[in-house]
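Here's the structure we're looking at; comments come further down.
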There are 2 protein chains.
Amino acid sequence: MLEARMPQGAILRKCIDAIKDLVTDGNFDCNDSGIALQAMDNSHVALVNLFLRASGFDPYRCDRNLTLGVNLGGFSKVLKCMGNDDVVTVKAEDDGDTVSLTFESKDGGRVSEFELKLVDIDSEHLGIPDTNYDAIVSMPASEFQRICRDLSVLGESVIIDVSKDGVKFSASGESGTGSITVKQGASVDKESEGTTINLNSAVQLTFSLKYLQNFSKATALADQVTLSLSADVPLLVEYTIGEVGYVRYYLAPKIGDEN
Amino acid sequence: MLEARMPQGAILRKCIDAIKDLVTDGNFDCNDSGIALQAMDNSHVALVNLFLRASGFDPYRCDRNLTLGVNLGGFSKVLKCMGNDDVVTVKAEDDGDTVSLTFESKDGGRVSEFELKLVDIDSEHLGIPDTNYDAIVSMPASEFQRICRDLSVLGESVIIDVSKDGVKFSASGESGTGSITVKQGASVDKESEGTTINLNSAVQLTFSLKYLQNFSKATALADQVTLSLSADVPLLVEYTIGEVGYVRYYLAPKIGDEN
DNA sequence: ACAAGGTTAT
DNA sequence: ATAACCTTGT
């Protein structure tokens with residue numbers, strides 16, 4: 001059986017909010033190292049990979065490997081019933097057909113119990129090859145979100161252009177064109193507010209803004225986002241959730257002039 | 001004639017907002033003790049009872065008993081034209097076909113006058129028997145509202161289960177089941193923030209969440225809500241408006257397995 | 001920070 | 001017609 005208690009339950013809610021618009025149903029693979037979910041998005045264009053380390057829970061217990069197929073819309077609805085500071089406990093029997101969620105207010109005055117029906121999901125578990133990326137950009141997650149939102153006014157696609165001292169995001173459409181350039185090390189007033197670029201070779205790739213906007217739903221989980229790019233390889237957009245785990249999104253670049 | 005001046009006019013607006021979604025037209029019965037409205041909701045399932053004491057107005061004058069039939073949607077629209085801190089004066093002639101509303105800003109710098117057409121409403125004035133309830137629960141109004149909203153994502157009905165040391169609200173539906181238990185005396189950090197249970201005998205009754213959510217529109221009027229329950233008797237949901245009066249809602253329990 | 005209402009975009 | 005967003009009040 002699985003029994004995992006997360007003192008900052010809100011993290012779990014934010015994780016599900018960060019992926020539920022991309023993936024309607026997903027398998028949570030639970031083992032002694034933690035809880036992982038990997039799924040293609042509904043239109044099989046992007047890949048989502050969530051991982052929550054066992055050490056992010058207290059306590060964490062998972063005797064046997066378990067796969068919990070969950071409708072993420074329903075999961076999200078249940079998590080909306082949680083108080084903001086609640087402690088969340090996830091439990092599942094080895095052969096049950098439900099997963100149980102318990103929310104407890106910090107003072108213990110309120111206890112909420114929910115049971116979510118499990119669903120069968122046949123998911124191909126794609127291997128993700130380790131890649132040595134040409135360019136790795138870390139920037140404030142909120143800035144990335146803003147850029148995607150702003151450029152989506154202009155067009156469907158964004159060209160991400162990473163060179164030595166900056167990342168340039170540009171889009172164009174009917175009404176005009178625009179670009180936003182973030183310079184390396186800009187606005188390093190506080191830690192984790194700057195932009196750093198790790199470059200092996202300059203890259204210029206085009207991506208769907210709609211997907212990037214969806215990825216940036218994870219902004220609530222992390223101060224920084226990391227974009228890893230290589231020519232002809234899916235972009236990796238990663239949000240690190242403190243010591244607890246991460247959400248990673250993969251998105252293939254648009255090729256040629258398919259707009 | 002009626003002439004009733006309410007220094008905190010916003011209370012009147014909140015009262016109407018708290019009932020206008022349930023009742024489209026209602027009779028305001030005015031006499032020297034105050035202003036009362038009693039009406040079945042549009043689908044004749046719930047009963048709404050609003051009372052504003054004469055002492056809640058200053059001054060209050062009502063020479064002869066008057067019944068003012070009002071379309072509450074229109075009333076609400078007019079009240080939306082009021083400033084948040086305005087003083088409201090309600091006036092009606094004995095044989096008029098309108099009611100007049102005056103809004104004055106505290107500093108007297110702005111005076112607004114509205115006239116609302118009266119409508120004829122034939123309303124059966126149901127007697128409400130005094131009941132000795134099996135269980136009386138007082139809890140924070142906002143918490144009750146939150147519980148109704150949360151559980152409504154799961155299903156149409158809520159089972160309210162009152163026992164010695166807690167109230168359990170539970171619901172179930174397609175995607176799963178859930179329950180929220182509030183313990184007696186929990187979180188009594190401040191006055192009027194705790195939950196108290198007055199129990200003669202344990203009760204378990206089922207109600208429509210849609211109606212309870214509608215009742216909880218009165219949350220703006222009071223810190224606490226009181227739920228009074230007895231087997232096979234309508235639930236009473238009461239919001240006390242300071243010294244001014246109250247809004248009471250009555251809702252029959254669902255019986256058997258009608259879901 | 002939450003909930004309600006209105007407005008707008010799909 | 002519905003959903004998402006934005007704004008306002010609690």
Side-chain angles (χ1 to χ4, degrees), chain A residues 8-11 13-14 17-18 20-22 24 42-43 73 76-86 103 105-107 110 112 142 145-146 148-150 152-156 173-175 208-211 213-214 216-217 219-220, chain B residues 8-24 72-86 88 103 105-106 139-153 180 182 187 189-193 209-225 237 239-242 244 247 249:
Chain A
Q8 300 176 64
I11 289 177
R13 191 193 52 218
K14 290 176 190 165
D17 282 345
K20 69 159 205 291
D21 292 335
L22 251 5
T24 50
N42 298 326
S43 34
S76 167
K77 278 180 192 165
V78 167
L79 288 168
K80 288 244 167 27
C81 304
M82 170 178 80
N84 229 341
D85 299 319
D86 282 5
F103 310 140
S105 61
K106 279 267 157 58
D107 64 12
R110 176 179 37 78
S112 309
S142 57
Q145 183 174 43
R146 186 82 201 301
C148 293
R149 198 185 73 207
D150 287 352
S152 68
V153 174
L154 292 174
E156 312 254 292
E174 309 274 294
S175 53
S208 153
L209 274 168
K210 192 179 106 233
Y211 281 95
Q213 277 196 279
N214 256 135
S216 69
K217 301 246 161 82
T219 300
Chain B
Q8 301 174 66
I11 289 177
L12 184 62
R13 192 193 52 217
K14 290 174 193 167
C15 286
I16 303 308
D17 281 347
I19 62 177
K20 68 159 205 291
D21 292 334
L22 251 5
V23 180
T24 51
L72 294 179
F75 197 6
S76 168
K77 279 179 191 162
V78 167
L79 289 168
K80 289 248 173 358
C81 305
M82 167 179 82
N84 228 342
D85 299 318
D86 283 4
V88 172
F103 309 141
S105 60
K106 276 269 158 58
M139 62 187 294
S142 56
E143 187 163 19
F144 177 65
Q145 183 174 45
R146 181 79 190 320
I147 288 169
C148 293
R149 178 177 57 94
D150 284 352
L151 291 182
S152 69
V153 305
I180 297 164
V182 182
S187 68
D189 309 349
K190 300 165 197 162
E191 276 185 41
S192 84
E193 283 206 355
L209 273 168
K210 193 179 105 232
Y211 281 95
L212 297 187
Q213 276 197 280
N214 257 134
F215 299 170
S216 69
K217 301 250 161 81
T219 300
L221 285 162
D223 291 331
Q224 294 269 127
V225 61
V237 179
Y239 295 83
T240 299
I241 311 164
V244 177
V247 197
Y249 304 92

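Keep in mind the model is a prediction, meaning the values are calculated, not measured. Quick note on labels: first sequence line is chain A, next is B, and so on, each numbered from 1. Values below: all heavy atoms of this structure, side chains included; hydrogens, waters and symmetry mates excluded.
Between atom CZ of residue Phe144(B) and atom CG of residue Leu212(B) there is a gap of 4.5 Å, rounded to the nearest 0.5 Å.
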Protein-nucleotides 5-10 of chain C N/O pairs under 3.5 Å:
| residue | atom | partner | partner atom | Å |
| --- | --- | --- | --- | --- |
| dG5(C) | OP1 | Lys20(B) | NZ | 3.4 |

Interface polar pairs with nucleotides 3-9 of chain D, N/O, under 3.5 angstrom:
none

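Annotation: side-chain contact (heavy atoms from CB on, under 4.5 Å) contacts of Ser105(B) (sequence neighbours excluded): Asp86(B), Asp107(B), Arg110(B). Evaluation of the side-chain contact (heavy atoms from CB on, under 4.5 Å) rule for Thr24(A) yields Asn42(A) as partners, not counting sequence neighbours. Remark: Ser208(A) pairs with Lys210(A), Tyr211(A), Lys254(A) by the side-chain contact (heavy atoms from CB on, under 4.5 Å) rule, at least two apart or across chains. Considering only residues two or more places apart in sequence or on other chains, Thr240(B) meets the side-chain hydrogen bond (donor to acceptor under 3.5 Å, both in side chains) condition with none of them. Under the rule for a ring pair (Phe, Tyr, Trp, His ring centres under 6.0 Å), the partners of Phe103(B) that lie at least two apart in sequence or sit in another chain are Phe114(B). Residues forming a side-chain contact (heavy atoms from CB on, under 4.5 Å) with Val153(B) (at least two apart in sequence, or on another chain): Lys77(A), Cys81(A).
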Could you tabulate the donor-acceptor pairs under 3.5 Å formed by side-chain atoms of residues 12-21 of chain B, not counting sequence neighbours?
| residue | atom | partner | partner atom | Å |
| --- | --- | --- | --- | --- |
| Arg13(B) | NH2 | Asn84(B) | OD1 | 3.1 |
| Asp17(B) | OD1 | Ser76(B) | OG | 3.3 |
| Asp21(B) | OD2 | Lys217(B) | NZ | 3.1 |

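Here dC2(C) presents its C1' atom at 9 Å from CD of Gln145(B), a figure rounded to the nearest Å. Distance, Asn214(B) CG to dA4(C) P: 10 Å, rounded to whole Å.
Under 4.0 angstrom from either OP1 or OP2 of dA3(C) there lies at least one side-chain N or O belonging to Arg149(B).
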